[in-house]
Amino acid sequence: MAVISVQGQDLVVEMEGLDKLWALKSRLTIPLAHVRGATVDPGILGEPKGIRAPGTHVPGVITAGTFHQDGEKVFWAVRDAKKAVVVELSDERYTRLVVEVDEPREVVAMVEKATRR
């Protein structure tokens with residue numbers, strides 16, 4: 001699971017517990033100016049992921065780490081698709097972050113509010 005917060009002019013994604021190990025990352029910091037938006041998308045787990053490098057993928061259990069598909073890099077950290085939030089980025093290492101959070105709708109509202117400033 002991840003905790004997403006807004007700290008100053010940055011969006012911060014902090015991995016919790018064993019998800020740090022599975023995703024091979026503990027924290028991502030993205031300037032808000034590079035965040036295009038966020039959505040709740042429980043269906044995204046069923047979409048193709050691409051090539052895992054590095055990361056963990058056990059279908060139906062966990063998808064975590066960096067995945068490459070169609071020239072894009074996507075960061076995944078999801079076990080429960082119902083709690084998946086997709087954060088769209090521009091001018092960043094990743095084109096998208098797909099992470100599991102406790103309260104997906106609240107996180108999306110927070111991200112959308114922060115990007116409108």
Side-chain angles (χ1 to χ4, degrees):
M1 179 133 351
V3 174
I4 298 179
S5 61
V6 174
Q7 298 177 12
Q9 294 299 310
D10 294 325
L11 183 74
V12 178
V13 179
E14 295 183 81
M15 304 310 302
E16 293 187 320
L18 288 176
D19 287 338
K20 290 179 191 180
L21 174 69
W22 306 131
L24 301 172
K25 289 229 182 285
S26 60
R27 180 182 173 111
L28 295 164
T29 302
I30 310 291
L32 285 172
H34 296 184
V35 177
R36 293 183 13 218
T39 58
V40 175
D41 190 351
I44 196 157
L45 206 58
E47 292 182 13
K49 314 298 181 284
I51 299 170
R52 173 180 37 110
T56 305
H57 181 64
V58 179
V61 178
I62 188 168
T63 303
T66 301
F67 290 75
H68 304 261
Q69 184 176 15
D70 300 327
E72 296 183 345
K73 282 169 88 170
V74 179
F75 178 79
W76 285 81
V78 178
R79 284 183 277 150
D80 183 353
K82 291 180 236 140
K83 295 184 175 187
V85 169
V86 180
V87 180
E88 298 287 340
L89 306 174
S90 62
D91 300 322
E92 281 294 320
R93 176 179 173 194
Y94 297 105
T95 56
R96 189 176 318 122
L97 310 176
V98 184
V99 295
E100 177 183 337
V101 298
D102 266 333
E103 298 293 335
R105 296 198 187 289
E106 289 178 18
V107 168
V108 167
M110 175 194 60
V111 171
E112 291 297 314
K113 181 179 177 185
T115 58
R116 283 192 294 254
R117 289 188 210 165

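Since we're looking at a predicted model, the values are computed, not measured.
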Trainee: Ignoring hydrogens and angles, tell me if any N or O in the side chain of T95 forms a donor-acceptor pair with the backbone of K73 under 3.5 Å.
Mentor: yes
Trainee: Check the hydrophobic clustering (I, L, V, M, F, W, Y; side-chain heavy atoms under 4.5 Å; chains of links allowed) and say if V12 and L89 are grouped together.
Mentor: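 Different clusters: V12 never reaches L89 through Ile, Leu, Val, Met, Phe, Trp or Tyr contacts under 4.5 Å.
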Trainee: Under a single-linkage definition using a 4.5 Å side-chain heavy-atom cutoff for Ile, Leu, Val, Met, Phe, Trp and Tyr, are V40 and M110 assigned to the same hydrophobic cluster?
Mentor: yes
Trainee: Of all the heavy-atom pairs spanning V99 and A2, show the shortest one and how long it is.
Mentor: CB-CB, 4.1 Å
Trainee: Taking all non-hydrogen atoms of both residues into account, name the closest pair between H34 and D91 and its distance.
Mentor: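 It is ND1-O, 3.4 Å.
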Trainee: Taking the side chain from E100 and the backbone from R79, do they hold a donor-acceptor pair closer than 3.5 Å?
Mentor: yes
Trainee: Mind checking the OG1-CG spacing from T29 to L11? Nearest 0.5 Å is all I need.
Mentor: 8.5 Å
Trainee: Sort out for me which residue in V111, D10, V6 forms a side chain to side chain contact (heavy atoms under 4.5 Å, CB included) with L32.
Mentor: V6
Trainee: Does T66 form a side chain to side chain contact (heavy atoms under 4.5 Å, CB included) with V74? I'd like the steps, not just the answer.
Mentor: CA-CA 6 Å; T66 301; V74 179; over 6 Å; no
Trainee: Same cluster or not: are M15 and I4 linked, directly or through other Ile, Leu, Val, Met, Phe, Trp or Tyr residues, by side-chain heavy atoms under 4.5 angstrom apart?
Mentor: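 Yes; I4 is reachable from M15 via cluster members.
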Trainee: Answer yes or no: does atom CD of Q9 have more than 12 heavy-atom neighbours from other residues, nucleotides or ligands under 6.0 Å?
Mentor: no
Trainee: Taking all heavy atoms of P31 and all of E92, pick out the closest pair and write down the distance.
Mentor: CD-OE2, 3.3 Å
Trainee: For K82, does its backbone N or O pair with a side-chain atom of D80 as donor and acceptor, under 3.5 Å?
Mentor: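 Side chain of D80 to backbone of K82: a pair is present.
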Trainee: Answer whether the closest heavy-atom distance between the side chains of W76 and I44 falls below 4.5 Å.
Mentor: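 Sidechains of I44 and W76: in contact.
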Trainee: If every non-hydrogen atom of P104 is compared with every non-hydrogen atom of D102, which pair is closest and at what distance?
Mentor: CD-O, 3.4 Å
Trainee: Are the side chains of I30 and Y94 in contact, using a 4.5 Å heavy-atom criterion?
Mentor: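 Answer no - side chains too far apart.
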Trainee: How far does CD of Q7 sit from CD of E14, to the nearest 0.5 angstrom?
Mentor: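 Going from the CD atom of Q7 to the CD atom of E14 covers 6.0 Å.
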Trainee: Can any side-chain N or O of E112 pair as donor or acceptor with the backbone N or O of A38 at less than 3.5 Å?
Mentor: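 Checked: pair present.
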Trainee: Would V86 and L28 show up in the same hydrophobic cluster when neighbours are defined by side-chain heavy atoms closer than 4.5 Å?
Mentor: no
